[in-house]
4 protein chains.
Amino acid sequence: MQVTKTARKPGRALTPEERQTKTQQLLDAALDVFLERGFEAARLDEVAKRAGVAKGTLYLYFASKEALFEDLIRSLIASPIQEVGQRMLAQDIPAEMMLRGLLNWAKKEVLGTRRKDIARLIISEAGRFPELGAFYHREVISRGTAVIRAIVTRGVERGEFTSDALDRFPQLLIAPVLVGIIWNGLFSHVETLDTDGLLDVHADLIIRGLKGGAA
Amino acid sequence: MQVTKTARKPGRALTPEERQTKTQQLLDAALDVFLERGFEAARLDEVAKRAGVAKGTLYLYFASKEALFEDLIRSLIASPIQEVGQRMLAQDIPAEMMLRGLLNWAKKEVLGTRRKDIARLIISEAGRFPELGAFYHREVISRGTAVIRAIVTRGVERGEFTSDALDRFPQLLIAPVLVGIIWNGLFSHVETLDTDGLLDVHADLIIRGLKGGAA
Amino acid sequence: MQVTKTARKPGRALTPEERQTKTQQLLDAALDVFLERGFEAARLDEVAKRAGVAKGTLYLYFASKEALFEDLIRSLIASPIQEVGQRMLAQDIPAEMMLRGLLNWAKKEVLGTRRKDIARLIISEAGRFPELGAFYHREVISRGTAVIRAIVTRGVERGEFTSDALDRFPQLLIAPVLVGIIWNGLFSHVETLDTDGLLDVHADLIIRGLKGGAA
Amino acid sequence: MQVTKTARKPGRALTPEERQTKTQQLLDAALDVFLERGFEAARLDEVAKRAGVAKGTLYLYFASKEALFEDLIRSLIASPIQEVGQRMLAQDIPAEMMLRGLLNWAKKEVLGTRRKDIARLIISEAGRFPELGAFYHREVISRGTAVIRAIVTRGVERGEFTSDALDRFPQLLIAPVLVGIIWNGLFSHVETLDTDGLLDVHADLIIRGLKGGAA
DNA sequence: AATGAATGAGTGTTCATTCAT
DNA sequence: TATGAATGAACACTCATTCAT
């Protein structure tokens with residue numbers, strides 16, 4: 001997580017890109033510290049040190065610790081999930097493959113990247129930042145559930161699925177993703193969870209459940 | 001929340017039971033405050049006030065804020081899940097019913113009580129208390145997974161289940177419980193999740209998955 | 001201005017008098033520092049040091065720097081002027097003697113005590129504390145002007161004075177008191193002003209003015 | 001307040017007049033801010049913004065905030081009072097008229113202009129700038145008192161005045177000017193003082209006092 | 001045993017000052 | 001000459017911890 005120290009230029013105006021770059025460096029450092037310590041325990045001194053700037057510099061980019069935290073979360077919550085969903089739905093493949101595609105995407109793009117850390121940060125802290133919770137719900141959660149519902153509905157219409165369980169509770173599809181994130185956040189030192197295997201088995205199980213038998 | 005003010009004894013010596021009772025009062029007050037604010041933001045002033053004692057008194061019972069927090073979590077992590085599991089296994093009922101029984105127990109005894117809040121506290125804070133994570137894993141998680149595995153194994157042996165998915169990843173059974181806890185912790189103001197419905201549908205789905213069809 | 005260090009008693013509850021005494025010690029220290037540096041430049045560290053307490057202790061007695069300042073001013077603005085005025089008016093002496101009595105009182109009780117410093121503090125800072133200005137006006141100024149007016153009115157009624165100048169502008173009586181305060185606050189190193197002489201001459205001059213001649 | 005933005009010359013060398021002009025612009029902006037906030041609370045950011053320059057530019061013209069303040073006060077303390085006094089003394093008019101002329105000048109040129117604010121600034125802040133106090137005394141006060149003394153002496157010599165009160169304490173003449181300045185600085189929201197009336201009545205009263213009767 | 005006043009290190013934040021451009 | 005981004009010491013205020021009573 002070392003920050004590539006850009007040459008110090010106390011002088012002339014920053015171009016928008018330079019400012020953007022610097023902002024990103026600060027956010028990177030902030031993410032590290034917030035992840036390690038949580039919002040309250042995170043020290044701006046530490047953030048500044050890791051970003052290689054003076055503490056005062058932070059305030060040229062963010063109005064307060066809280067603003068830094070919120071900007072951080074916002075900047076990280078791009079919601080590519082919707083795009084993935086659209087791509088899936090655009091193809092003419094079985095709904096089953098769509099759901100598997102979604103979970104594979106989660107394996108690669110969430111559990112395999114920093115996004116999992118961000119999710120953990122949100123899970124830990126959003127309780128005390130209600131606006132942030134609402135924001136996350138609007139930008140990520142509601143879009144994700146919409147995509148899942150669309151896929152399942154199509155699967156039911158086409159006769160692939162006999163159950164509308166995921167239409168009623170799309171959360172069931174991503175529940176194991178959450179478990180993976182939390183588990184490895186809390187217990188990785190004790191017993192690492194093979195999240196890829198977890199999601200593979202989950203996919204099989206839930207697909208079987210949706211296709212159902214006599215039940 | 002409820003401070004049963006015991007008569008103040010300015011004098012000498014507490015019997016072990018008295019000390020036990022007082023300790024419990026302090027822990028009760030501490031739980032409230034830690035739940036509302038999280039570890040860092042929790043104020044010992046507030047804990048003392050709610051317990052109806054002076055701040056200094058806390059230090060007669062707990063060595064530090066951190067010790068208080070850890071003692072609190074430890075005291076809360078009794079692991080009734082194992083007992084429930086044993087009770088299930090002791091009966092001669094289908095494995096399916098055992099799994100459903102486990103989820104119903106979770107509905108009533110976790111999501112329906114303060115245990116859900118405690119779980120959320122652990123999820124939020126245990127990252128910074130590695131020992132506590134290990135402790136929780138040992139006392140609760142590993143026992144829970146053992147119970148699930150035992151049930152599933154029996155189900156497979158008896159021919160009820162065709163899949164050993166839950167033997168490999170028992171986490172899949174309780175994943176929706178976690179989702180329920182987190183969701184209502186973060187988004188209840190925006191969109192409340194019907195956790196009972198969630199778990200019912202989950203039960204149906206996973207049982208169907210385990211029983212499998214042609215697959 | 002050394003504070004008489006009371007024995008440190010970190011222990012049991014303070015009696016109201018003890019608390020009162022301590023509060024007074026803190027206010028004494030605060031007055032010194034505010035006088036030397038002004039509100040903004042005054043350092044609470046310095047106040048605490050002079051009072052012989054830790055910085056945090058200040059906050060057990062005052063909610064903030066601003067509250068400390070306001071409490072300080074309030075505690076200092078007892079308004080004995082009214083009492084003096086009443087005493088004067090109760091006697092059956094010439095109005096001239098009353099005015100002289102007032103100015104002598106100012107010499108002794110204002111210019112000769114810390115009250116002059118307080119006045120200077122108010123003059124310097126009240127511009128940024130409007131409430132304090134209003135408070136001072138209500139508690140001190142308006143009462144003082146009322147007393148002066150009462151005396152002058154009586155003087156006119158009794159035929160002692162031919163001019164009602166001080167009834168219209170009672171400020172003219174105390175203007176030299178202000179000058180004395182400010183002068184010695186600003187120029188005492190350069191040229192000390194004999195404020196006693198100033199007020200004596202002022203008394204003579206204004207009395208002559210009020211008694212008037214043909215003019 | 002009014003920022004006459006001079007054309008930016010990114011290039012070289014300022015003529016002495018240009019430098020002079022710019023310096024004046026900075027001082028103008030500084031005066032506004034110091035008047036509004038006082039020395040400590042004044043922000044150089046604000047000064048720079050109002051002057052339409054970058055904060056760093058201030059340091060090309062003034063060595064520090066303190067130097068800026070002192071230069072500002074120095075630049076404002078031109079002492080027209082002496083000139084007025086000389087003009088008075090040059091005329092062959094009664095000393096009474098000279099004193100009245102002085103007070104009328106104060107009404108128009110001090111209380112009626114920004115000079116009153118500057119005086120208040122000095123009164124409030126000079127306590128912490130001893131050099132400034134000495135400078136002000138030398139440039140303004142001593143000259144003013146000299147003028148008053150000269151007038152009164154002439155008045156006594158010519159038999160106009162029977163009292164040398166103002167020779168001993170020339171401060172008595174300008175005391176009400178001070179009161180006017182301070183009063184309206186502190187209490188104008190509560191009770192505005194009619195400073196013109198105040199000085200008129202003061203003039204009458206003091207003249208009568210100086211002319212005296214039997215006394 | 002219980003108190004609660006006292007402590008003081010530590011935090012977020014500000015702002016006069018610097019200096020590479 | 002002018003800039004303005006960067007600095008970092010300094011401050012008001014907090015709060016876990018201590019200890020004389």
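None of these values were measured; they are calculated from a predicted model. Just so we're on the same page: letters track the sequence lines, and every chain starts at 1.
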Each nucleotide of nucleotides 9-14 of chain E classed B (base within 4.0 Å of a protein heavy atom), S (only sugar-phosphate) or -, in 5' to 3' order, makes -BSBBB

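Tyr61(B) places its OH atom 12 Å from the C1' atom of dT3(E), with the value rounded to the nearest Å. The interatomic distance linking Leu58(B) (CG) with dA1(E) (C1') rounds to 14 Å, in whole Å. Counting to the nearest Å, the C1' atom of dA16(E) and the CZ atom of Phe62(D) are 15 Å from each other. Spacing between atom CZ of Arg37(C) and atom C1' of dA10(F) amounts to 14 Å, rounded to whole angstrom units. In this structure, the CG atom of Leu60(C) is 12 Å from the C1' atom of dG8(E), given to the nearest Å. Look at CG on Leu26(D): it is 12 Å from C1' on dA2(F), rounded to the nearest Å. Straight-line distance from the NZ atom of Lys22(C) to the P atom of dG4(E): 16 Å, rounded to whole Å. What separates CZ of Phe69(C) from P of dA12(F) is a distance of 14 Å, to the nearest Å.
Judged by a 6.0 Å distance limit and a 45° cone about the ring axis, Arg74(D) is not positioned over the six-membered ring of Tyr136(D). For the pair Arg128(B) and Phe39(B), the cation does not sit on the ring face, since its NZ or CZ is not both under 6.0 Å from the ring centre and inside 45° of the axis.
The residue among Arg19(B) and Thr57(A) whose nearest nucleotide of DNA chain E is located toward the 5' end is Arg19(B).
Between Glu18(C) and Thr15(C) there is a side-chain heavy-atom pair separated by less than 4.5 Å. The shortest distance between side-chain heavy atoms of Phe62(B) and Leu26(B) falls below 4.5 Å. Side-chain contact check for Glu46(D) versus Asp32(D): every heavy-atom pair is 4.5 Å or farther apart. Contact of the Phe69(D) side chain with the Leu132(D) side chain is registered, since non-hydrogen atoms from C-beta on lie closer than 4.5 Å.
We find the CD-CD distance between Glu17(D) and Gln24(D) to be 14.5 Å, quoted to the nearest 0.5 Å.
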Secondary structure of DNA chain F per the Watson-Crick/G-U criterion (both distances under 3.5 Å; [ ] crossing, | other strand, . unpaired) is .||||||||||||||||||||

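Listed nucleotides dT7(E), dA1(E), dA5(E) differ in distance to Leu14(B); the shortest reach to its side chain belongs to dA1(E).
Comment: Glu40(B) does not engage Lys65(B) in a salt bridge, judged by the lack of any side-chain N to carboxylate O separation of less than 4.0 angstrom.
Partners of Leu72(B) by side-chain contact (heavy atoms from CB on, under 4.5 Å), not counting sequence neighbours, listed by chain and number: Leu27(B), Ala30(B), Leu31(B), Phe34(B), Ser75(B), Leu76(B).
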